[in-house]
Amino acid sequence: MKRIWLFLPLLIMLNAGEDFISHYEYGEMLYNNPRGVSCAQCHGEDGSGTIIVELKEQQELQTISGTDIRNKSLEMMIESVNRYHEIMPRYYLTDEEVKAIYDFIRKKNKLDMVSEKKNSNP
Ligand code: HEC
């Protein structure tokens with residue numbers, strides 16, 4: 001009868017396993033390090049896009065940037081991540097993983113809006 005107490009913490013841990021990290025944290029983790037090449041590197045911290053490289057070609061400054069992906073639909077994001085591009089790598093992420101990234105970008109930008117509003121209040 002005493003033995004059950006030995007297993008109790010383990011059982012609690014197994015039950016809580018799913019909640020160890022939130023859906024938001026999971027999306028954040030995936031966005032920042034999906035298979036080694038971070039979306040953030042090209043699409044910025046919040047999905048608004050950023051300059052990837054700047055190079056001078058025949059006296060002209062050329063820039064290559066990642067696009068603003070904040071307003072892309074989930075369907076388009078899934079389609080895009082699974083397709084070959086010239087610059088963007090092709091990822092092998094499941095639909096659930098892309099959904100987590102999508103939700104992360106949405107939520108992050110909503111949170112950013114809230115904190116901006118707070119800051120602009122006198
Ligand atoms: C090496 C840079 C790079 C990385 C890393 C990268 N992207 Fe991109 N992405 C681009 C560029 C450049 C484009 C636009 C041109 C194109 O389609 O190749 C793009 C396009 C997109 C589009 C389509 C936007 C449109 O207007 O068609 C989506 C959605 C997207 N990326 C999401 C992601 C997600 C999610 C990740 C991480 C899993 C990611 N990207 C990682 C560079 C990158």
Side-chain angles (χ1 to χ4, degrees):
M1 199 40 212
K2 258 188 188 163
R3 261 201 199 153
I4 185 108
W5 298 111
L6 283 174
F7 291 111
L8 205 59
L10 185 68
L11 285 174
I12 291 168
M13 260 170 65
L14 286 174
N15 269 332
E18 278 180 344
D19 297 318
F20 273 156
I21 60 166
S22 68
H23 186 68
Y24 180 78
E25 286 166 331
Y26 180 57
E28 183 173 34
M29 192 186 79
L30 283 171
Y31 183 74
N32 287 308
N33 193 16
R35 314 288 187 260
V37 191
S38 161
C39 316
Q41 215 170 298
C42 301
H43 294 287
E45 228 194 288
D46 60 354
S48 61
T50 189
I51 293 169
I52 307 166
V53 281
E54 273 182 334
L55 46 115
K56 231 178 183 172
E57 215 169 76
Q58 289 161 356
Q59 310 299 322
E60 263 186 59
L61 191 65
Q62 305 277 341
T63 52
I64 298 170
S65 353
T67 43
D68 186 340
I69 55 168
R70 287 174 299 179
N71 293 317
K72 301 294 169 193
S73 69
L74 176 60
E75 288 70 34
M76 122 82 85
M77 202 172 275
I78 290 172
E79 186 271 324
S80 194
V81 166
N82 288 297
R83 173 162 56 85
Y84 283 108
H85 301 261
E86 253 177 52
I87 299 165
M88 180 171 150
R90 182 178 182 181
Y91 291 90
Y92 294 88
L93 298 167
T94 65
D95 290 0
E96 286 73 40
E97 286 172 322
V98 180
K99 171 88 164 68
I101 291 175
Y102 171 84
D103 289 342
F104 161 72
I105 293 171
R106 302 227 74 128
K107 197 160 174 185
K108 180 164 181 72
N109 284 293
K110 258 186 219 149
L111 289 176
D112 284 352
M113 269 154 60
V114 170
S115 66
E116 263 170 37
K117 258 189 209 154
K118 261 190 211 152
N119 291 341
S120 64
N121 277 344

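Read the numbers this way: they start at 1 and go in the same order the structure lists the ligands and their atoms.
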Residue-level breakdown please: for [X] versus ligand 1, do any non-hydrogen atoms fall below 4.0 Å on the side chain, on the backbone, on both, or on neither?
X	result
Ser65	backbone
His43	side chain
Ser80	side chain

Any atoms of ligand 1 less than 4.0 Å from a non-hydrogen atom of [X]? List them with their elements.
X	answer
Cys42	1 (C), 2 (C), 3 (C), 4 (C), 5 (C), 42 (C), 43 (C)
Ile69	22 (C), 28 (C), 29 (C), 30 (C), 32 (C)
Val81	35 (C)
His85	16 (C), 17 (O), 18 (O)

Query raised in the report: Among Lys72, Arg90, Met88, whose side-chain contact (heavy atoms from CB on, under 4.5 Å) with Ser80 holds?
Result: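 Going through Lys72, Arg90, Met88 one by one, the side-chain contact (heavy atoms from CB on, under 4.5 Å) with Ser80 is satisfied by Met88 alone.
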Requested in this report: From the options Ile105, Thr67, Thr50, select the one residue that forms a side-chain contact (heavy atoms from CB on, under 4.5 Å) with His43.
Outcome: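 It is Thr67, the one option of Ile105, Thr67, Thr50 that forms the side-chain contact (heavy atoms from CB on, under 4.5 Å) with His43.
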Query raised in the report: Closest approach of Ser65 and Ile52, non-hydrogen atoms and distance?
Result: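 For Ser65 versus Ile52, the nearest heavy atoms are C-CD1, 3.8 Å.
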Query raised in the report: Hey, is Lys99 close enough to Asp103 for a salt bridge, meaning N to O under 4.0 Å?
Result: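 Yes, this pair counts.
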Report task. Would you give the length of the straight line joining atom CE of Met76 to atom OH of Tyr102, rounded to the nearest 0.5 angstrom? Result ->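 Taking CE in Met76 and OH in Tyr102, the distance rounds to 11.5 Å.
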Query - same_hphob_cluster(Ile64, Ile51) at 4.5 Å side-chain heavy-atom cutoff - result: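 Unlinked, Ile64 and Ile51 end up in two clusters.
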Query raised in the report: Among the heavy atoms of Lys72, does any lie under 4.0 Å from an atom of ligand 1?
Result: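 Yes, Lys72 has a heavy atom closer than 4.0 Å to ligand 1.
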Query raised in the report: Got a sec: does the CD of Gln62 have more than 12 other heavy atoms crowding it under 6.0 Å?
Result: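 Yes - once you tally the heavy atoms of other residues, nucleotides and ligands closer than 6.0 Å, there are more than 12.
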Report task. Give a yes/no answer: is there an N/O/S atom of Thr67 under 2.8 Å from atom 8 (Fe) of ligand 1? Result ->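 Within the cut-off used here (under 2.8 Å), Thr67 places no N, O or S atom near atom 8 (Fe) of ligand 1.
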